Amino acid sequence: MNAVTINHLKKSFGSKSILNDVSFSVPQGSIFGFVGENGAGKTTTMKIILGLLESDQGEVIVNGQQVRYGRSLTNRFIGYLPDVPAFYPYMTARQYLQLTAAISGMAHTQIDRRISSVLNTVQLKDDLTKIRGYSRGMKQRLGMAVAMLNQPQILICDEPTSALDPLGRKAFLDILASLRGQTTVIFSSHILSDIERVCDRVAILHNGHIQVSGKISTLTQTHSNKTFQIDFVNSTDVNKFLVQTGLSKTTYKQDQLTLTIYEQPGQPLGELLLADLSKSRIVPKQFQQFEPSLEDVFLEAIK
Ligand SMILES: Nc1ncnc2c1ncn2[C@@H]1O[C@H](COP(=O)(O)OP(=O)(O)OP(=O)(O)O)[C@@H](O)[C@H]1O
């Protein structure tokens, strides 16, 4: 079953069309990467899923129920982490979570236990440090604790790692990964390495459309091709090899003694290159094969 299904969503601001027939679905339990360049419309889509913004056309279904703009019924399934979460800086993490729990109507008997549990999940100390003393990474993790307080089935995170340093990003991504299988996570970003690190599925939004969506492992196999890199010992070998292979100029790049060669669809290249090296009696310094990455899929999708 799908946790979220989006059908034919359209949204314009004035004369500017942002979403132009966007459809995709997020299977339950997946960690779903929502990818797009700055201004592609990721936040706009997320706000429509949360019923905070009205679409011009199309529908959003959350856990089998249609989202209605301005009504928050489907939001009882969702925890939301905005891109820049805001807190009362004079409170401690526990005080802030107690306030959130009280506002959301959580049963008193559950509050303390639940707060300890989420603070433990996001690896924040349950101490007397005021939020004003928190780093950006700690604030982002506190935002995650707030979003998870009510044990949502779906967690929506809007660009949660964009402003974090590598250590902060790693800590945050590890927490997201630890939710795999328990919570459906929709995680928007333009940092493809972060998406590749934790997500099992992805949708790429570009020019108002989903250009590609599906399992990352399948997309990298079907939408892109391998790359080979050969480092030669001298320029004579490079030239001899290029004559032997007869490679078209559009299928490789040369950087001094290094050739980067792009496999073409349906034409496995590795064995041919090795055979040509052998026929030319060239022993290269290095021969490397690179599997297609999400970046390759993305670049192909937005061509
Ligand atoms: N309320 C609004 N009124 C007018 N234009 C808006 C409004 N909200 C968003 N936009 C415009 O819609 C476009 C998409 O914005 P959105 O924030 O959804 O993109 P995004 O993919 O989340 O980008 P980023 O990665 O920069 O956060 C942008 O050009 C933005 O300026």
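Start at 1 and go down the list; that is how both ligands and their atoms are numbered. None of these values were measured; they are calculated from a predicted model.
Below 30°, between 30° and 60°, or above 60°: for Y88 and Y96 the angle between ring planes is between 30° and 60°, a tilted geometry.
Sorted by chain and number, the residues within 4.0 Å of ligand 1 by heavy atom are F13, K16, I18, E37, N38, G39, A40, G41, K42, T43, T44, E159.
Taking the six-membered ring where the residue is Trp, the centroids of F241 and F232 are separated by under 6.0 Å. Y262 has its ring centre no less than 6.0 Å from the ring centre of F228.
For K170, the side chain to side chain donor-acceptor pair (under 3.5 Å) partners at least two apart in sequence or on another chain are D174.
Using modelled atom types, one side-chain atom of D200 and one backbone atom of I31 make a donor-acceptor pair closer than 3.5 Å. A donor-acceptor distance shorter than 3.5 angstrom exists from the side chain of K42 to the backbone of G36, with no hydrogens or angles considered.
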